[in-house]
Amino acid sequence: MIEVQNITKRYTAKVVAVENLSFQAKAGEIYGLLGPNGAGKTTTLRMLATLLEPTSGTLTVAGFDTKRQPEDVRRTIGVVNGGMGLYDRLTGKEILEYFAGFYNMGKQDTQKRIAELSDALEMNELLNRRASEYSTGMKQKIVIARAVIHNPSVLILDEATNGLDVVARRAVLEFARGYKNSSRVVLYSTHIMAEAEELCERAAIIDHGKLIAQDTISNLKQKANTNNLEEAFFRLTKGVA
Amino acid sequence: MRWNFIWQVIYKELISTVRDTKAFRTSVLMPFIMTPLFIIGFPLLFGNLFGGEVQKKQVVGVVNLVQMPAALKTILESNTASGVGVELKPVTDPIKAVQDGDVEAAMQIPATGMPTSAGGATVAVQIYTKASSQKSSVVERKLSNAVEAYSRSLVVQKLKSVGLSEQTLEPVKAESINAENEAEKAGGIFAFIFPMLLFMAILGGASTVAVDSTAGEKERGSLEILLVSPIKRIEVVIGKLLAVTLFALFGVLVQITAFVVTSLVSPFVLERFGGKGMSQMTDVLGGNLNLGVGGFFSMLAIGVTLALMLSGILVAVCIYARSFKEASNYLVPLQLMGTFTSIGVQFGDFISRSTTIYATPIIGSVLGILDVVKGKATPEIIATIVIGNLVFAAITAFFALRNFSQEQVLFRN
Ligand SMILES: Nc1ncnc2c1ncn2[C@@H]1O[C@H](COP(=O)(O)OP(=O)(O)OP(=O)(O)O)[C@@H](O)[C@H]1O
Ligand SMILES: [Mg+2]
């Protein structure tokens, strides 16, 4: 469902954030994009989300090319970035309605979907309060609901558990696990290996913009000769640094 | 272009901004505080100070006081229609006395005395004041007027003794009449406040929205999420541009209303609370704004197109910034530019008016508003400014659009 082929992203003549990177994620899986700080994860996800254009290479999402069919791509994906950006003076419900509007969801569909998500994320009491009153955990619920308001078949999570406590973190992981089904894919980017180990079937490890390895979690561990993903990550990334 | 998407963006910015009650209230109240302060408050304050000085009995040091003719002394000490008299006190060193502040002014009567009749050589009487102090100019005028009156009385005496009337002195005289119209008089040296306040009102309302909806959204990360939805970048930027423009226009309306309201009440307030020097003071400073219907619409036309242009600049500049703080820093020069241009152009009688200068962004609008206030604006001038502003509004809107479509700008590191 997600195909990344030989992409390179050059910000400036000196800064090459991603270099000749390729990986594929299939429907029905949670795919991990793992790498240390500055590895190029966010840059890659922004290219998938049509926010940045690759310097070279192609990306396709659900069969749509990011360059030629950006709007189709955007209709297909939902994104959670580390930012947690909500509109402080709007209520949770207003924020969700605002975004639903851009997917041309009718009023009824929107309300139905908000009710669904409100149950799934246990955020009923948040909906009519302004975002400025939320705790970080509450914010993250609205952020996730906003990302999937239109039932996207591709969910992209970039450091989605940033700054969350144990309970909120668990809720995010559970939501991601529950979101995956045979026609959907979740792309989960993180530098926390425990989360990847718990959640992902397969993963790509990148460092300095380059692919280090792409495989199932168990094969990655085997390759590095350890049964701990963090140790495997450490051994695999150390080789190129 | 999907107008329902654009409208959605506008609506969200509108409610977000209006719900920021404190900031919103301030932007509405500000013009209603600043306008009366400048148009009524300052003339009132200066007028009362100035009037107070005229009504005060200043102490004047006199060298050789004993030599002063009684008639001159009477003139100096007596009250006249234009002010009360002064108190005379003998001193020996006039400069030191003034500098030490013992006396507010001093005069020196020659040791040899003063003439009591005309016909001999001219005798000089020195008057000592601190020349650059506004206050001393009042006492200085009292003293020189008194000396002049005394001198004239001697001449009149002399003329009478040979059978001539006082009019012999002045067979012809020049009479100056202020040919400024009411609006020009209203302009005064404070006229610069009109463009300045208008500029501040536009930026006051619009810059909060501009910063919040561009750099602010960028900093929070919500802009990224918005751009990931099916809305096109051009729709986002048009929505934000229009939202900013709405608040800029709102600022113009509030400010012009404040002008009109203030100019309606100011005559009553000035008459009720103004001191004796009030009428002179309002003539100099300006205190009455006489817009008239034509002036009102001219001001509105300039204000509205200036608002369009500034909105484009605001959005183009703020989207470049990565954070609230950075955006606010970028806006400081824009704010200063409005004030400095207004004050600078105040002395604009020297600026040769040309189509080019009226079409120049900001300067043209400031000049135009001054012209409107002074009743000198012609339809050609207004049209030049309006067209100039619209052209620059289009250019700045283009830059706002361009900045939104550039990933180097949206995702600057
Ligand atoms: N807009 C930009 N302009 C220039 N360089 C950039 C830009 N954005 C990112 N970079 C650089 O590109 C590299 C990759 O950054 P990126 O944000 O993609 O990494 P990341 O894997 O998401 O890191 P993190 O875990 O810290 O979020 C870094 O060296 C970063 O400094
Ligand atoms: Mg990142």
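Source: prediction; values computed, not measured. Naming: A, B, ... by sequence-line order, numbering from 1 per chain.
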Walk me through whether Arg130(A) and Arg19(B) qualify under side-chain contact (heavy atoms from CB on, under 4.5 Å).
CA-CA 11 Å; Arg130(A) 292 204 189 158; Arg19(B) 280 184 190 172; 3.3 Å; yes
Euclidean distance, Thr91(A) OG1 relative to Ile15(B) CD1, rounded to 0.5 Å:
8.0 Å
Under 4.5 Å from a heavy atom of chain A, the part of Gln408(B) involved
neither
Choice from Gly216(B), Ser222(B), Gly221(B) maximising heavy atom contacts with chain A below 4.5 Å:
Ser222(B)
dist Leu45(A):CG -> Glu224(B):CD (nearest 0.5 Å) comes out at 9.0 Å
Distance (rounded to the nearest 0.5 Å) between Arg89(A) CZ and Asp212(B) CG
5.0 Å
Closest contact, heavy atoms only, Leu90(A) versus Lys12(B):
CD2-CG, 3.7 Å
Taking everything shown except Arg25(B) itself, do over 12 heavy atoms lie less than 6.0 Å from its CZ?
no
Should we say atom CE of Met30(B) is surrounded by more than 12 heavy atoms from elsewhere, each under 6.0 Å from it?
no
I need the residue from Leu410(B), Thr17(B), Ile225(B), Leu226(B) with the largest number of non-hydrogen atom pairs under 4.5 Å to chain A.
Ile225(B)
With only heavy atoms counted, which part of Leu86(A) is less than 4.5 Å from chain B, the side chain, the backbone, both or neither?
backbone
Option that, when pairs with chain B are counted at under 4.5 Å, heavy atom only, ranks first among Leu51(A), Val73(A), Val79(A):
Leu51(A)
Has Tyr179(A) got more than 12 heavy atoms of other residues, nucleotides or ligands less than 6.0 Å from its OH?
yes
Pairs of heavy atoms under 4.5 Å with chain A: top-ranked of Val228(B), Asn4(B), Ile231(B), Val9(B)
Val228(B)
Under 4.5 Å from any heavy atom of chain A, what part of Leu223(B) do you find: side chain, backbone, both or neither?
neither
Interatomic distance, Arg220(B) atom CZ to Asn81(A) atom CG [nearest 0.5 angstrom]:
12.0 Å
Distance (rounded to the nearest 0.5 Å) between Phe411(B) CZ and Leu52(A) CG
5.5 Å
Neighbour count above 12 (heavy atom, 6.0 Å) for Glu125(A) CD:
yes
Are there residues of residues 94-105 of chain A that reach to under 4.5 Å of chain B by heavy atoms, and which ones?
Glu94(A), Glu97(A), Tyr98(A), Phe99(A), Gly101(A), Phe102(A), Tyr103(A), Asn104(A)
